[in-house]
Amino acid sequence: MMNFLSDPILALLWFGAVGLSVALYILLDGADLGLGILSLFPRKESERALMMHTMGPIWDANETWLVIAGGMLFGAFPTAYGIILSALYIPVMTMLFGLILRAASFEFHAFSVKKRFWSFLFGFGSLLAGVGQGLAVGGLLSGITIVNGEFAGSAFDFFTPLTVLLTIGVLMSYVFVGYAYLIKKTGAETSPGTYLRILITGAVTGVALLGATLLLPTRSYLFFTRWTEYPSNYLLYCITALMGALSLWLILLVFKRHTGPALHNLCLGIFICAMLGMLVGVFPYLIPPSMTIFEAASSRQTLLFMLVGLGPLFPIVLAYNFYLHKVFSRDEGEHKSRAQIYGE
Amino acid sequence: MDVLTVSRIQFGSTAAFHILWPLMSIGLSLFMVVMEAMWLKTKDIKYFHQLKFWTKIFILTFAIGTASGIPLEFEFGTNWAKFSSAAGDFFGNILGFESTVAFALEAAFLGIFVFGWEKVSARVHFFANLMIFVGATLSAFWIMAANSWMQVPIGVTVENGKLIVTDYLVAIFNPDTMVSFLHMWVACIESTLFMMMGICALVLLSRKASHEVKDFFIQTFKYCLIIAIVVTPLQIGLGDLSGTTIAKYQPAKLAATELHWETNAPGTGADWALVAWPNATNDGNSFEIKIPKVLSVLTTHSLTGRVPGLNEFHPDDRPSLINDIIVFYSFRIMVAIGFILFLLMILGCWYWKKGLLTIERTAHDRLFWWLFVLGTPLGFIATEAGWMVREIGRQPWVVYHLLRTKNGLSSGLDANTVIATTGIFAIIYLAFSILFVYFVWKIVAKGPDFNARPPVV
């Protein structure tokens with residue numbers, strides 16, 4: 001069946017699907033997590049509530065991309081799924097506890113009179129989820145010890161200087177995109193200093209990621225060659241240049257105190273550049289530098305079955321998510337919680 | 001404790017907690033679909049109020065369901081890496097279907113359903129409601145397909161220690177899948193109905209609730225009762241079907257469920273133990289009360305049908321002593337509750353027929369209503385008990401006769417890390433359970449909003 005699809009192409013297709021889901025998760029839920037972290041700071045409950053309500057209708061759907069990415073990774077690359085998750089036990093559990101707290105306190109906040117407590121827990125959950133994701137990315141890039149197709153390291157292997165820098169970078173970038181999203185949704189600076197904070201969080205993200213980029217070659221020679229060998233080096237130069245240009249554009253808009261969606265879009269552009277850079281850095285490894293996409297892939301039969309079963313559905317999932325975002329893009333200024341709608 | 005035991009406790013307890021919420025999401029979303037359909041058809045505002053009120057509780061169950069479901073997907077990788085690697089070809093694939101097809105559908109349409117009242121047409125809104133129910137049902141189907149394959153793993157071959165799929169449709173629609181899916185799906189509806197009827201009964205017993213509020217809840221009670229007329233007997237039938245499937249494909253599990261040790265000789269019937277306790281050497285019962293021939297009748301539907309006893313199986317290939325005891329009593333609890341809920345349904349219908357289901361009568365027939373209050377948790381207890389039989393009865397295998405549970409564990413796991421994370425899960429989940437009851441209490445105490453008017457789009 002479908003002989004024109006060779007095994008490597010099938011594996012690449014599924015790598016693409018997993019990668020796309022992860023990318024969509026970061027692009028969509030990154031802002032939600034950032035707003036959650038931000039909601040820890042305002043003193044006024046109304047400000048915190050505003051931050052939570054801007055994401056009300058969509059954050060459930062945004063989080064599904066993580067579940068989809070996990071499910072696809074499990075289905076298409078089961079061995080890598082087991083190795084990565086068992087090696088990153090503590091980061092993954094940290095993220096899960098964060099997501100659990102966040103999801104439940106979001107609804108409890110709506111129904112409770114003790115808003116302060118639940119908005120705090122929501123923010124704390126978002127922070128924890130962001131920390132877990134940062135630690136996980138750091139742990140993956142720091143290298144995982146594999147012997148005979150099994151994880152052969154220890155529980156704290158993930159914790160390296162590189163991981164610390166990447167965690168700071170991930171958290172700050174979420175806050176950064178969260179601010180931009182808030183300006184897009186509310187059409188104004190909700191509290192004085194938002195523009196300054198966009199610059200600060202953006203700058204910290206940049207410094208942390210730059211530091212991480214310099215540390216990467218100390219973990220594996222693979223990353224060194226990516227900057228020195230053709231063609232990956234040219235790709236990386238181009239991506240870096242594009243990222244720089246987008247950042248300058250963003251800084252310009254910040255100084256003009258822009259209130260439209262352009263700020264958020266530029267943030268997403270910078271995110272996409274960063275992810276493309278990472279892709280160029282690790283390809284074709286799923287667990288750099290030990291296991292490639294092709295070594296980790298499921299049997300041909302499975303990849304084909306998933307392709308036939310899920311392939312046609314993927315565009316439908318994308319379509320109704322797009323519809324969801326479209327329905328709720330016109331609701332500037334009337335941010336209600338679920339419970340308010342239901343008369344609590 | 002060894003890392004295998006704590007990992008099993010972690011997975012078992014987090015799964016046992018999670019299952020409560022999709023149970024209610026499926027049940028409540030069915031009720032919501034019926035109410036919205038009735039409202040669109042009749043334009044009677046009372047259905048709209050029912051829909052609005054029960055949606056509040058649905059939102060809570062969905063949130064906790066999502067929160068507790070995500071960890072399960074990842075636990076397969078964190079704690080059961082070798083299982084993921086060996087069985088992922090089929091199992092991971094099916095979970096991929098579940099998350100992409102089913103869960104994504106629910107989550108996206110929930111946003112439209114809850115927030116979209118004034119933004120989309122009545123038809124689109126009803127469609128969103130329906131998609132939540134369809135998504136929840138599909139989700140249950142895929143999860144049951146994945147789990148059923150762990151019970152009856154066919155359609156695969158073993159290559160280099162990995163289970164490679166040879167025929168997908170055979171693996172997905174293995175003999176256990178449809179029976180177990182329907183049994184579970186009906187359990188979701190039945191448990192939710194009796195939970196809702198319990199809540200209604202509690203309000204009807206209250207001396208403070210107004211006539212209008214009581215009228216609202218007596219309506220809910222009647223709608224639930226109508227659905228229960230179909231569901232309760234159906235579930236008993238599905239339970240029987242499920243039992244005969246186990247007898248055929250997992251005879252060791254069935255024997256453990258019944259603490260049945262010696263295979264009955266040809267021409268004689270196997271006895272059914274009402275109560276029993278295994279002896280310390282785990283090869284017979286030290287105490288039992290038996291009813292002749294009933295086990296043969298139950299499992300083979302014949303007086304002399306052959307039922308293999310536990311001693312036919314090597315002790316390493318069947319559940320351990322403690323597992324035997326758990327599945328034996330869990331099974332009895334489940335079956336007893338199945339019949340209790342059926343009898344409650346009959347009682348409810350009889351009262352209705354006699355014209356006693358009125359607000360005026362609630363002051364007199366307090367025992368009747370208290371019985372339904374006591375019924376509130378029964379469906380959930382039965383479902384948990386059923387899963388105990390299903391999962392503990394499968395031991396020592398994680399994939400029946402192909403992969404032992406101990407060989408599915410991740411390498412390099414640290415027992416203390418697993419204990420610590422299990423503890424955190426336990427604390428969070430306990431808090432969620434208490435908070436859920438508290439918030440439902442608050443929602444019920446506040447009562448439905450009779451001033452709510454449907455939006456004009």
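So you know, we letter chains A, B, ... as the sequences are listed, proteins then strands, and number each from 1.
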Heavy-atom distances under 4.5 Å only: say whether S21(A) touches chain B with side chain, backbone, both or neither.
neither
Tell me whether the count of non-hydrogen atoms from other residues, nucleotides or ligands lying under 6.0 Å of CZ in F127(B) goes above 12.
no
List the atom of Q301(A), the atom of V165(B), and the distance in Å for their closest heavy-atom pair.
CG-O, 3.4 Å
Looking at side-chain heavy atoms only, is the closest gap between F62(B) and E107(A) below 4.5 Å?
no
Find the one option among I164(B), I70(B), L413(B), I428(B) whose heavy-atom pairs under 4.5 Å with chain A are most numerous.
I70(B)
Quick check on E75(B) against chain A: is it the side chain, the backbone, both or neither that has a heavy atom closer than 4.5 Å?
side chain
Let me know if I172(B) has heavy atoms under 4.5 Å from chain A in its side chain, its backbone, both or neither.
side chain
Interface residue of largest heavy-atom contact number with chain A, from I424(B), T166(B), V418(B), under 4.5 Å
I424(B)
Decide yes or no for Y89(A) and F74(B): does some side-chain heavy atom of the first lie under 4.5 Å from some side-chain heavy atom of the second?
no
Looking at T66(B), T78(B), D414(B), which makes the most heavy-atom pairs under 4.5 Å with chain A?
T78(B)
Looking at G77(B), G96(B), A81(B), G88(B), which has the largest count of heavy-atom pairs under 4.5 Å with chain A?
G77(B)
So, do E106(B) and T64(A) sit near enough that their side-chain heavy atoms are less than 4.5 Å apart?
no
Pick from L95(B), V101(B), L435(B) with the largest number of heavy-atom pairs that fall under 4.5 Å of chain A
L435(B)
Proximity breakdown for Y323(A) and chain B, heavy-atom pairs closer than 4.5 Å
side chain
Of all heavy-atom pairs between A103(A) and A63(B), which one has the smallest distance, and what is that distance?
O-CB, 4.1 Å
Quick one: what part of F439(B) sits under 4.5 Å from any heavy atom of chain A, side chain, backbone, both or neither?
side chain
Under 4.5 Å heavy-atom distance to chain B, tell me which part of S299(A) shows up: side chain, backbone, both or neither.
both
Would you sort out whether T417(B) and M93(A) count as a side-chain contact (heavy atoms from CB on, under 4.5 Å), showing the intermediate values?
CA-CA 10 Å; T417(B) 316; M93(A) 286 292 171; over 6 Å; no
Measuring heavy-atom distances to chain B, does V92(A) have an atom under 4.5 Å in its side chain, in its backbone, in both, or in neither?
side chain
Max heavy-atom pairs within cutoff under 4.5 Å with chain A, candidates F90(B), Y438(B), F432(B), goes to F432(B)
Residues, nucleotides or ligands: over 12 heavy atoms within 6.0 Å of F159(A) CZ:
no
CZ/F450(B): more than 12 non-hydrogen atoms of other groups inside 6.0 Å
yes
Crowding at CZ, R453(B) (>12 non-hydrogen neighbours, <6.0 Å):
yes
Donor-acceptor pair, side chain of S411(B) and main chain of F151(A), under 3.5 angstrom
yes
Verify whether the ring centers belonging to F76(B) and Y81(A) lie closer than 6.0 Å.
no
So for L66(A), is it side chain, backbone, both, or neither that comes closer than 4.5 Å to the heavy atoms of chain B?
both
Between G153(A), A155(A), S112(A), who has the most heavy-atom pairs with chain B when the cutoff is under 4.5 Å?
S112(A)
Pairwise distance OG(S99(B)) to CE(M72(A)) - rounded to 0.5 angstrom:
7.0 Å
Between atom CD1 of I84(A) and atom OG of S84(B), what is the distance when rounded to the nearest 0.5 Å?
11.5 Å
Let me confirm one number: the CD-CD1 distance from E73(B) to I68(A), rounded to the nearest 0.5 Å.
9.5 Å
Just so I know, are the side chains of N93(B) and F74(A) near enough to count as touching, which here means a heavy-atom distance under 4.5 Å?
no
Quick check on V124(B) against chain A: is it the side chain, the backbone, both or neither that has a heavy atom closer than 4.5 Å?
side chain
Once you round to the nearest 0.5 Å, how far does CG of L60(B) lie from CZ of F111(A)?
4.5 Å
Evaluate the side-chain proximity of F108(A) to I64(B): yes if any heavy-atom separation is below 4.5 Å, no if none is.
yes
With distance as the sole test, does T302(A) use its side chain to make a donor-acceptor pair with the main-chain N or O of D89(B) at under 3.5 Å?
yes
Tell me if the CZ atom of F124(A) is crowded by more than 12 foreign heavy atoms within 6.0 Å.
no
Do Y429(B) and I100(A) have side-chain heavy atoms sitting under 4.5 Å apart?
yes
